[in-house]
Amino acid sequence: MRNDSINLSKNEMIMVMHDQEQEIEKLKAQVSELQAKLDNYEIKISNVGSLAEASAQINDLFVAAQATVDTYIENVKKQEARSEEALAEVERQSNEIIAEAEAVAQKRLEAADAEIEEKWAVIESRLLVMYDSHKGLKELVESGIFTIPGAK
């Protein structure tokens, strides 16, 4: 090629140089374009790494959230069990109190019945004494118009 360039004229040489310059510019543009694509791929690869990291972080976040939910549910179940135990204890105590109150009420009823029986016996004996002491009352009873319980 060197021998060919010696035989070229100055104008031809300039034209060859100009063509080479254009070729060089075209190649530089291609290099720039390829470099931009390479940079874009590097960014994408970098973003893929970032996305993978973000995905791992989100996954870690979900794992932590699930653990928190599991702990919360476990605590709610424990609280529910404690509440049920407390309710059962309150029911047991209330049943004891009711049973005691019923026993006391029954004793009081029995005592009141006994007191009524005693008072009735006193009233009955007084009526009999009154009956025996009043001649007119005795005649009314004997005639059947008036009766006194317990009288013979």
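These numbers were taken from a predicted model, which means no experiment stands behind them. The residues of the chain are indexed from 1 along the displayed sequence.
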State, without any angle test, whether Asp70 and Gln66 hold a side-chain donor-acceptor pair at a distance under 3.5 Å.
->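 Their side chains do contain a donor-acceptor pair, which is all the 3.5 Å distance test asks for.
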Consider only side-chain N and O atoms of Gln93 and Glu89, and report whether a donor and an acceptor are under 3.5 Å apart.
->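 There is such a pair between these side chains.
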Is any side-chain heavy atom of Val76 closer than 4.5 Å to a side-chain heavy atom of Tyr72?
->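 They are in side-chain contact.
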Measuring from [X]:[atom1] to [Y]:[atom2], what's the distance to the nearest 0.5 Å?
{"X": "Glu12", "Y": "Asp19", "atom1": "CD", "atom2": "CG", "value": "11.5 Å"}
{"X": "Glu91", "Y": "Ile98", "atom1": "CD", "atom2": "CD1", "value": "10.5 Å"}
{"X": "Met17", "Y": "Ile24", "atom1": "CE", "atom2": "CD1", "value": "9.0 Å"}
{"X": "Lys77", "Y": "Arg82", "atom1": "NZ", "atom2": "CZ", "value": "14.0 Å"}
{"X": "Lys28", "Y": "Glu25", "atom1": "NZ", "atom2": "CD", "value": "5.0 Å"}
{"X": "Ile97", "Y": "Glu102", "atom1": "CD1", "atom2": "CD", "value": "12.5 Å"}

For Val122, the option from Lys119, Arg126, Glu124 that meets side chain to side chain contact (heavy atoms under 4.5 Å, CB included) |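 Looking at Lys119, Arg126, Glu124, the match for Val122 under the side chain to side chain contact (heavy atoms under 4.5 Å, CB included) is Arg126.
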Exceeds 12 heavy-atom contacts within 6.0 angstrom, atom CD of Glu21 =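 At most 12 heavy atoms, drawn from other residues, nucleotides or ligands, come within 6.0 Å of this atom.
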Should we count CZ of Arg108 as having more than 12 external heavy atoms under 6.0 Å?
->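 For Arg108, atom CZ is not crowded (no more than 12 foreign heavy atoms under 6.0 Å).
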